[in-house]
Amino acid sequence: MARVPAAFRKAVVHLPRAPRALARRYATRRPSPTPELVTQPHPWSRAVGLVTVVLIGTWLGLLIVGNVRAPVGPMNTTMTLRPSLTGGTKINVSPLGALELDSHIAPVRLDVNVDQLDPVRAQALVDHPERLSGLQDEVTQDVTHGTVDLALRSCVAVVTGATALGLAVYRRPRRALAAGGLALTVLAASGGTAFATWNPESVLEPKFSGLLSSAPSLVGNARSIVTEFDVYQKELARLVTNVTKLYDATSTLPAYAPDPTTIRVLHVSDIHLNPASWKIIASLVDQYKVNVIVDSGDTMDHGTAAENGFLDPIEDLGAPYVWVRGNHDSRLTQRYLEDLKNVHVLDEGKAKTIAGLRFAGIGDPQFTPDRSQVPGGDAANELAGARLATSLRDQKTAGTPVDVAVAHEPVAARQTDGDVPLALAGHIHHQEMELLPYGTRLRIEGSTGGSGLRAIEGKHPDPIQTSLLYFDRDTRRLQAWDEIELGGLGLTTAEVRRHLVEENQPGAAETETTSPAPTP
């Protein structure tokens with residue numbers, strides 16, 4: 001047998017030691033990274049995801065459990081906080097409609113649903129009407145308790161919703177608790193913002209939606225709106241009181257009960273041959289007990305004799321009709337109206353006292369359907385307005401000052417600044433209220449005919465707009481006004497917006513009302 005060399009034997013003896021030596025050699029080296037199929041999310045992505053979970057969980061929590069059923073006087077209500085971009089308060093009074101208030105600016109909205117009238121508490125008020133005097137204080141306390149309960153329940157709702165959703169998404173208790181804490185922080189910040197921007201006077205300018213005939217009766221008449229609209233909670237109580245009376249009185253919606261000392265003027269304009277306007281005007285005259293109707297022109301479209309029959313329903317509208325000529329109304333139209341009963345045509349600054357108010361007006365100097373004449377533009381209307389202003393000053397010198405000036409073009413009406421408390425105009429087919437530099441208030445009416453046949457020219461039909469103006473019978477000054485807007489062709493929506501003259505709002509200086517200073 002051949003002898004094995006010594007060198008080979010030595011190599012074989014040390015062979016098992018080689019792997020251990022290699023292991024020790026490479027143990028100190030950094031291991032190569034293990035490839036991952038899913039990349040780790042960026043910190044900003046995790047933050048956005050957490051915020052999304054918080055917002056969705058908060059919304060779900062408020063939607064499912066974030067409401068409180070609270071008795072408010074004789075009414076059973078449901079109070080709810082809802083996420084919103086604009087904030088505010090919405091009071092749903094079924095079947096009367098809804099009342100929206102710009103009460104605060106925050107990402108949450110307060111919804112108050114009047115569910116039903118409690119028959120026991122309502123009958124107690126009927127049996128003991130003297131309790132109505134203390135109902136406002138009772139309702140104020142009920143609203144306060146309901147709001148506190150709602151705040152506590154909302155906190156529990158948002159924390160529970162965000163935590164539960166965070167646990168379902170992340171499956172980590174720490175992440176879920178972080179979502180709940182962030183939700184509570186968001187709610188607290190929203191509540192702080194709402195408190196900082198709280199506007200108790202928002203009830204002075206509510207927006208009504210729903211059935212038109214009942215909306216104004218929820219807030220009362222023009223005189224009481226001036227004297228009694230002082231704080232938000234009391235007005236909510238007054239709302240509940242009036243709704244209680246409505247439910248108790250009849251199952252059908254009652255007509256508006258006006259203040260007998262208030263003069264109610266219905267301002268219409270730019271009817272443009274829309275036959276539906278007469279039915280709307282007649283309904284408003286009946287529902288609101290209107291004393292006088294003022295039409296600031298463009299009743300017609302072309303001013304032809306063939307159109308004159310359209311004007312005949314004016315005699316049966318139920319109130320005196322004051323009219324000035326617009327740029328679509330011809331002299332032929334004016335003469336036809338002068339022969340109708342119950343119609344008072346104003347032109348060349350003539351003044352007439354109707355229903356306790358003194359009116360003066362001037363017709364539009366241009367008749368634009370007549371293509372044979374070159375329109376005079378704003379210069380012609382400025383000259384007409386100057387003639388009207390001269391007549392107003394003459395009336396004041398004679399001791400018979402005018403209360404309301406009427407023109408079709410706002411350009412003409414602005415020339416009366418300082419010579420009359422209120423000027424009415426139309427022409428531009430949308431509503432505006434402007435306080436001119438020398439104290440005259442200019443009211444521009446929208447189109448009560450929904451722009452007539454022009455309503456079908458655009459993508460959306462023009463709304464039918466009109467206004468109800470409330471005047472104090474003693475001072476003959478404007479106290480408040482309702483902007484009434486009905487959906488255009490094919491629409492059935494209705495909105496009423498109540499507004500107060502600035503000097504009549506709470507906090508305004510109580511000074512004696514004086515006539516505006518004359519124009520220098």
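Quick note: residue numbers are just sequence positions, from 1.
A salt bridge links Arg331 with Asp347: at least one charged nitrogen is closer than 4.0 Å to a carboxylate oxygen. Remark: Asp419 does not engage Lys396 in a salt bridge, criterion side-chain N to carboxylate O under 4.0 Å.
In this structure, Ala384 and Ile362 approach most closely via the heavy-atom pair O-CD1, 3.3 Å. A pairwise comparison of heavy atoms in Arg498 and Tyr470 identifies NH2-OH, 3.3 Å as the closest pair.
Proximity of a side-chain donor or acceptor of Arg473 to a complementary backbone N or O of Gly356 within less than 3.5 Å is not detected. Between the side chain of Thr299 and the backbone N or O of Ile271, no donor-acceptor pair lies under 3.5 Å. Side-chain atoms of Asp417 come within 3.5 Å of backbone N or O of Thr440 as a donor-acceptor pair. At distances below 3.5 Å, at least one donor-acceptor pair connects side-chain atoms of Glu445 with backbone N or O atoms of Ser467. Panel note: side chain Ser283, backbone Lys279; no donor-acceptor pair is recorded below 3.5 Å. Judged by distance alone, the side chain of Asp364 and the main-chain N or O of Arg325 form no donor-acceptor pair under 3.5 Å. In this structure a side-chain-to-backbone donor-acceptor pair under 3.5 Å is missing from Thr448 to Val268. No donor-acceptor pair closer than 3.5 Å links the side chain of Arg358 to the backbone N or O of Asp403.
Annotation: side chain of Glu409 is not in contact with side chain of Asn327 (no heavy-atom distance under 4.5 Å). You'll find the side chain of Asn342 stays beyond 4.5 Å of the side chain of Tyr321, heavy atoms only. For the pair His104 and Thr89, the minimum side-chain heavy-atom distance is below 4.5 Å. Within the 4.5 Å cutoff, the side chain of Gln415 has heavy atoms near those of the Glu382 side chain.
For Ser190 and Thr193, the side-chain atoms include no donor-acceptor pair closer than 3.5 Å. Side-chain N/O atoms of Tyr336 and Asp329 include no donor and acceptor closer than 3.5 Å.
The side-chain hydrogen bond (donor to acceptor under 3.5 Å, both in side chains) search around Ser296 returns His267, Ser269, not counting sequence neighbours.
Between His499 and Trp481, the two ring planes are parallel [angle under 30°; tilted spans 30° to 60°].
Within 6.0 Å of NZ in Lys350 there are 12 or fewer heavy atoms belonging to other residues, nucleotides or ligands. Other residues, nucleotides and ligands contribute at most 12 non-hydrogen atoms within 6.0 Å of the CD1 atom of Ile105.
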Next item on the list: Could you go through the side-chain contact (heavy atoms from CB on, under 4.5 Å) check for Leu311 and Thr333 one step at a time?
Entry: CA-CA 9 Å; Leu311 303 170; Thr333 301; 3.9 Å; yes
Checklist line | Stepwise side-chain contact (heavy atoms from CB on, under 4.5 Å) check, Gln366 with Asn381 | finding: CA-CA 8 Å; Gln366 305 173 101; Asn381 278 287; 3.0 Å; yes
Check: Checking side-chain contact (heavy atoms from CB on, under 4.5 Å) for the pair Arg476/Val404: CA distance, chi angles, key distance, verdict?
Finding: CA-CA 9 Å; Arg476 302 188 305 279; Val404 182; over 6 Å; no
Next item on the list: Tell me, with the steps shown, if Leu81 and Leu110 meet side-chain contact (heavy atoms from CB on, under 4.5 Å).
Entry: CA-CA 5 Å; Leu81 286 182; Leu110 174 62; 4.3 Å; yes
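His272 pairs in a ring-ring contact (aromatic ring centres under 6.0 Å, His included) with only one of the listed residues (His429, His302, His427), which is His429.
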